[in-house]
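Here the structure is laid out as structure tokens; the discussion comes afterwards.
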There are 2 protein chains.
Amino acid sequence: MSDLLERLRGRGWRLTAQRRVVAEVLDGEHVHYTADEVHARASEHLPEISRATVYNTLGELVSLGEVLEVSTDGRAKRYDPNAHHDHQHLVCSRCGTIRDVHVHGDPLSALPEPERYGFQVSEVTVTYRGICPDCTSGS
Amino acid sequence: MSDLLERLRGRGWRLTAQRRVVAEVLDGEHVHYTADEVHARASEHLPEISRATVYNTLGELVSLGEVLEVSTDGRAKRYDPNAHHDHQHLVCSRCGTIRDVHVHGDPLSALPEPERYGFQVSEVTVTYRGICPDCTSGS
DNA sequence: TCTTGACTTGGACAATGTCCAATGTAGGAT
DNA sequence: ATCCTACATTGGACATTGTCCAAGTCAAGA
């Protein structure tokens, strides 16, 4: 993820403490935090960081294609740093946990031409829902 | 859709003017209104209907499986009365228009067993995104 | 080290949704 | 036809998530 910072600096990004901390929070596998969760975790390292900056930074990372925005429920959007590997999401209907998963074939090809209604279709997101092992056994 | 009202009455639903109007608004093909849009349209026929009632009624219809809740962007949820025919959604990235579409095969089968991580997967939603014909030519 | 334009901040505001106590009413009972 | 009452509705306060802006701050090139 520090590659990320380098890459962004190459694109003219000014490298501030705030942006560094946000990038650190997003480091790791299977990270799917909401903006406020990112803010909370970032605050542990940089207490004065403001919500506005976290929102701005996440928005920029999304625009730059470095982070994916995921809205599985109607609640807060979540941010997925795993933007460079094609994947889909598996969501627990009970606790909301998200896992990255990989599917067979290209979901785009499942949409026949006549079902495209003249749209220039460029993207497809697939979300699987079910009960995760913890929730199955737990309650 | 008036079948709907009958069906619900059979389930013990009390049939009020408000619920009737909400059901009427949701009548038709390719309807994907937000709660506030439903409220606006319902108000044309029953001016005193409150937002709370619209939200309540939509929530009940969703619980009863008569209407689907769709959240394609992080914005307002949309309500899709076409709950009894399996379908997916095609969304215009520019204007937000939604179309119901039908895909080849069962998207669930594209998720291999080892990619299920012990989840009891029961549902899959596929959302295609692109630019609709109006937006392509228009601007 | 200086300068400057990009970045950050806090707080007001907007959009969407939830909750609740008071009031109204659908539909069964009489 | 009328009454009862449990269920439904209402309006407004509140919660959550996100956006905007004017003023202050700072990274990084000169």
Side-chain angles (χ1 to χ4, degrees), chain A residues 2 5-25 32-43 45-64 66-80 96, chain B residues 2 5-25 32-43 45-64 66-80 96:
Chain A
S2 44
L5 291 176
E6 286 313 306
R7 231 180 306 149
L8 292 176
R9 204 161 52 137
R11 294 214 223 175
W13 238 41
R14 200 176 274 188
L15 210 38
T16 67
Q18 290 83 351
R19 287 172 170 180
R20 227 185 298 262
V21 171
V22 169
E24 271 166 27
V25 169
H32 302 94
Y33 295 140
T34 65
D36 277 345
E37 283 168 356
V38 171
H39 179 233
R41 285 172 159 75
S43 298
H45 298 279
L46 188 64
E48 338 75 65
I49 191 172
S50 74
R51 279 173 72 253
T53 296
V54 171
Y55 276 93
N56 287 343
T57 305
L58 290 173
E60 288 156 9
L61 289 170
V62 170
S63 298
L64 292 169
E66 298 290 347
V67 164
L68 295 177
E69 205 172 59
V70 183
S71 46
T72 52
D73 49 6
R75 315 279 316 223
K77 292 174 194 161
R78 292 177 175 275
Y79 294 87
D80 180 348
Chain B
S2 44
L5 291 176
E6 286 312 306
R7 231 180 306 147
L8 293 176
R9 204 161 53 136
R11 294 214 223 174
W13 236 42
R14 200 177 274 187
L15 211 37
T16 67
Q18 290 82 351
R19 286 173 171 180
R20 227 184 298 262
V21 172
V22 169
E24 272 167 26
V25 169
H32 302 96
Y33 295 140
T34 65
D36 277 345
E37 284 167 357
V38 172
H39 180 234
R41 276 162 221 271
S43 298
H45 298 278
L46 188 66
E48 338 75 67
I49 191 172
S50 75
R51 278 173 74 255
T53 295
V54 171
Y55 275 93
N56 287 344
T57 304
L58 289 172
E60 288 155 8
L61 289 171
V62 170
S63 298
L64 292 169
E66 299 289 348
V67 164
L68 294 177
E69 205 172 58
V70 182
S71 46
T72 51
D73 49 4
R75 317 276 318 223
K77 292 174 194 161
R78 292 177 174 274
Y79 294 88
D80 180 349

Take atom [atom1] of [X] and atom [atom2] of [N], then tell me their distance rounded to the nearest Å.
| X | N | atom1 | atom2 | result |
| --- | --- | --- | --- | --- |
| A:Lys77 | D:dT16 | NZ | P | 19 Å |
| B:Tyr79 | C:dG17 | OH | C1' | 9 Å |
| A:Leu5 | D:dA27 | CG | P | 14 Å |
| A:His39 | D:dT19 | NE2 | C1' | 15 Å |
| A:Glu37 | D:dT16 | CD | P | 14 Å |

Short side-chain to backbone donor-acceptor contact, [X] and [Y], under 3.5 Å:
| X | Y | result |
| --- | --- | --- |
| A:Glu24 | A:Val21 | no |
| A:His39 | A:Ile49 | yes |
| B:Arg19 | B:Arg14 | yes |

Inset, instruction - Compare every heavy atom of B:Leu8 with every heavy atom of B:Leu64, then report the nearest pair and how far apart it is. - result: CD1-CD2, 3.5 Å
Legend entry - A:Val22 to A:Val38 - nearest heavy-atom pair and separation: CG1-CG1, 4.2 Å
Inset, instruction - Quick one: list whatever passes side chain to side chain donor-acceptor pair (under 3.5 Å) with B:Thr72, sequence neighbours left out. - result: none
Inset, instruction - Using heavy atoms to find the nearest nucleotide of DNA chain C for B:Arg78 and B:Arg9 separately, return the residue whose nucleotide is more 5′. - result: B:Arg78
Legend entry - Exercise: do B:Tyr33 and B:Arg78 side chains pair donor with acceptor under 3.5 Å: no
Inset, instruction - Counting heavy atoms from C-beta on, name the nucleotide in D:dA28, D:dT17, C:dA15 closest to the side chain of B:Arg75. - result: C:dA15
Inset, instruction - Please assess B:Glu60 against B:Arg11 for the test salt bridge (charged side-chain N to carboxylate O under 4.0 Å, His left out), listing each intermediate value before the final yes or no. - result: CA-CA 12 Å; B:Glu60 288 155 8; B:Arg11 294 214 223 174; over 6 Å; no
Legend entry - Basic-acidic side-chain contact under 4.0 Å: A:Glu66, A:Arg7: yes
Between the protein and nucleotides 3-13 of chain D, list the N/O to N/O atom pairs that are separated by less than 3.5 angstrom.
residue : atom : partner : partner atom : Å
D:dA6   : N3   : B:Arg14 : NH2          : 3.4
D:dC7   : O4'  : B:Arg14 : NH2          : 3.2
D:dC7   : O2   : B:Arg14 : NH1          : 3.0
D:dA8   : OP1  : B:Arg19 : NH1          : 3.2
D:dA8   : OP1  : B:Arg19 : NH2          : 3.2
D:dT9   : OP1  : B:Thr16 : OG1          : 2.6
D:dT9   : O3'  : B:Gln18 : NE2          : 2.9
D:dT10  : OP1  : B:Gln18 : NE2          : 3.2
D:dT10  : OP1  : B:Glu48 : O            : 3.2
D:dT10  : OP2  : B:Ser50 : N            : 3.0
D:dT10  : OP2  : B:Ser50 : OG           : 3.2
D:dT10  : OP2  : B:Thr53 : OG1          : 2.7

Inset, instruction - Please give the angle, rounded to 10 degrees, between the axes at the start and the end of the helix from C:dT1-D:dA30 to C:dT30-D:dA1, where five pairs define each axis. - result: 30°
Legend entry - Phosphate OP1/OP2 of D:dT19 contacted by A:Tyr55 side-chain N/O (<4.0 Å): no
